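Data block below; observations after.
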Amino acid sequence: MKHFLYRMVCTIALFILIPVVFTFLIQGSGEDSIQNMEFLPSTETAGDTGLDEGILPGILANEISMNTETEAIKAQAVIVRTNCLLAVERGESLPEGLTKGEMIRLWGQDSFSEYYSLLESCVEDTKGVAMVCGGTYIRADFHRCSAGYTRNASEVYENEEFPYLKSVDGRMDLTSEDFLKVIFYTPQQLVEKGGELFSEETRAAASGLTAADLLGKIVINQRDQAGYVTEIAVDGAVHSGEEIRLLYGWNSSAFSLKEVDGEIRVLSKGLGHGLGASLYGANQLAKDGFSYKDILKYFYSEIEFVTRYD
């Protein structure tokens, strides 16, 4: 009887251990396990030569969708490398990347190898290529979708520090599902979400305000040439359009407000700050046959390409 029980316990233990051992063999152990396949954290920096080996694919995976055209992925690889090299040069944190474990959870085990190989090949095909203007790395800003035109940095920052960030035609973005976003608020909802954006008097009277009453307290003073709000006054206090859109979580600062059936309709165009490359636009250009360098030259003015660690 004791021998029988012993064999039963051994058999049960074996069935429990087999999946564990199998998983261990697939994932590896120590530094090779999926849990430990970390890219360089955003709080650290890396030397130039280490960027292309592991770090860039992780950052790329965090910034683009995997249905993006190959030339557009290559363009984004150069954007990522340029921003990383600029960060290294300044001793700043690198952009945030995904671990291989996070990629597997995002894409699924079946797609991981295919997608990761694609990212690696795009990094390899652009190995060392970065963008400079006047001999220094550019700040390669990018966003998801423009409001029809990208923005001039000189209008945003009121200086000429970023001559390569100029407005270009982004009307290819009009077909993006992110191009238009409409949100409706009651006057009370708009005030409550805005909080201290409004005066104490307005907050106290919010429940009794009509849409027309509240809109009378909000004045858009200035837009840039791409249609983004650069200055808006709320209850007499001046704010930037970007400040307002971040406070409310709107898609962009290319917004307008209008009374519709007693509510306030907020219509925004584009997704993101509107500076530099549009990811959607870059993908459309790639579909039209643009090479990755042509895509980058389209969005960034007065740039040159350099190749590092070749």
Side-chain angles (χ1 to χ4, degrees), residues 63 75-76 78-79 82-83 86-87 90 92 95 131-176 178-183 194 197 215 217-258 266-285 294-304:
E63 295 183 348
Q76 191 64 22
V78 176
I79 289 173
T82 301
N83 286 332
L86 180 62
R90 294 178 173 179
E92 297 173 348
M131 293 178 284
V132 298
C133 180
T136 60
Y137 297 120
I138 72 168
R139 195 183 82 177
D141 285 334
F142 63 93
H143 55 282
R144 294 290 167 188
C145 172
S146 77
Y149 287 85
T150 67
R151 306 177 73 182
N152 272 326
S154 60
E155 293 182 277
V156 178
Y157 301 114
E158 298 182 349
N159 61 48
E160 300 296 331
E161 188 177 350
F162 310 106
Y164 43 83
L165 295 176
K166 293 182 178 177
S167 181
V168 300
D169 191 336
R171 283 177 290 182
M172 72 283 280
D173 289 339
L174 270 62
T175 56
S176 169
D178 294 318
F179 180 71
L180 282 180
K181 179 72 178 290
V182 177
I183 305 175
L197 181 68
L215 287 175
K217 300 175 181 291
I218 304 171
V219 180
I220 294 176
N221 293 331
Q222 189 173 341
R223 295 179 184 271
D224 62 22
Q225 68 180 52
Y228 293 78
V229 174
T230 55
E231 184 179 292
I232 180 171
V234 181
D235 264 339
V238 175
H239 305 270
S240 71
E242 198 68 11
E243 178 187 349
I244 300 300
R245 83 102 170 176
L246 291 174
L247 174 64
Y248 282 99
W250 298 338
N251 277 4
S252 83
S253 58
F255 58 78
S256 60
L257 296 86
K258 182 179 181 179
V266 178
L267 184 150
S268 60
K269 295 181 180 180
L271 178 56
H273 51 57
L275 289 163
S278 156
L279 297 184
Y280 184 86
N283 198 49
Q284 295 302 106
L285 292 177
D294 290 336
I295 292 170
L296 295 169
K297 286 180 180 178
Y298 184 87
F299 287 111
Y300 303 103
S301 304
E302 304 175 25
I303 61 165
E304 295 178 342

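This one's a predicted model, so the numbers in the text were calculated from it and none came from an experiment.
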Side chain to side chain contact (heavy atoms under 4.5 Å, CB included) between D169 and Y149, worked out: CA-CA 5 Å; D169 191 336; Y149 287 85; 4.0 Å; yes
From F179, F299, Y228, residue fulfilling side-chain contact (heavy atoms from CB on, under 4.5 Å) relative to S146: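 For S146, the side-chain contact (heavy atoms from CB on, under 4.5 Å) test succeeds with only one of F179, F299, Y228, which is Y228.
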Minimum heavy-atom separation for [X] and [Y], please, with both atom names.
X: N221; Y: A233; answer: ND2-CB, 3.8 Å
X: S154; Y: E160; answer: CB-OE2, 3.5 Å
X: A147; Y: A226; answer: CB-O, 4.3 Å
X: R144; Y: E63; answer: NH1-O, 2.8 Å
X: I218; Y: L257; answer: CD1-CD2, 4.3 Å
X: V238; Y: E231; answer: CG1-CG, 3.4 Å

Between [atom1] of [X] and [atom2] of [Y], what distance do you get to the nearest 0.5 Å?
X: L275; Y: E155; atom1: CG; atom2: CD; value: 10.0 Å
X: Q284; Y: L174; atom1: CD; atom2: CG; value: 11.0 Å
X: S253; Y: I232; atom1: OG; atom2: CD1; value: 10.0 Å
X: N251; Y: I183; atom1: CG; atom2: CD1; value: 7.0 Å
X: T175; Y: Y280; atom1: OG1; atom2: OH; value: 2.5 Å
X: D173; Y: C145; atom1: CG; atom2: SG; value: 4.0 Å

Any heavy-atom pair between the side chains of [Y] and [X] that's under 4.5 Å?
X: L165; Y: Y300; value: yes
X: K258; Y: L267; value: no
X: H143; Y: T150; value: yes
X: V229; Y: I244; value: no
X: R223; Y: S256; value: yes
X: M172; Y: N283; value: no

Step-by-step side chain to side chain contact (heavy atoms under 4.5 Å, CB included) determination, L285 to D294: CA-CA 9 Å; L285 292 177; D294 290 336; over 6 Å; no
D224 vs R151, salt bridge (charged side-chain N to carboxylate O under 4.0 Å, His left out): CA-CA, chis, key distance, verdict: CA-CA 8 Å; D224 62 22; R151 306 177 73 182; 2.7 Å; yes
Side-chain donor or acceptor of H273 paired with backbone N/O of F142 under 3.5 Å: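 A pair under 3.5 Å: yes.
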Side-chain (D235) to main-chain (K217) donor-acceptor, under 3.5 angstrom: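 Judged by distance alone, no pair lies under 3.5 Å.
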More than 12 heavy atoms from other groups under 6.0 Å of CD on E243: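 Atom CD in E243 is crowded, with more than 12 foreign heavy atoms closer than 6.0 Å.
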Carboxylate-amine/guanidinium proximity below 4.0 Å for R139 and E161: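 Salt bridge absent between R139 and E161.
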Steps toward side chain to side chain contact (heavy atoms under 4.5 Å, CB included) verdict (Y164, M131): CA-CA 10 Å; Y164 43 83; M131 293 178 284; over 6 Å; no
Plane angle bin for Y248 and W250 - parallel if under 30°, tilted between 30 and 60°, otherwise perpendicular: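 If you compare the ring of W250 with that of Y248, the planes turn out parallel.
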Evaluation steps, side chain to side chain contact (heavy atoms under 4.5 Å, CB included), between K269 and L180: CA-CA 5 Å; K269 295 181 180 180; L180 282 180; 3.6 Å; yes
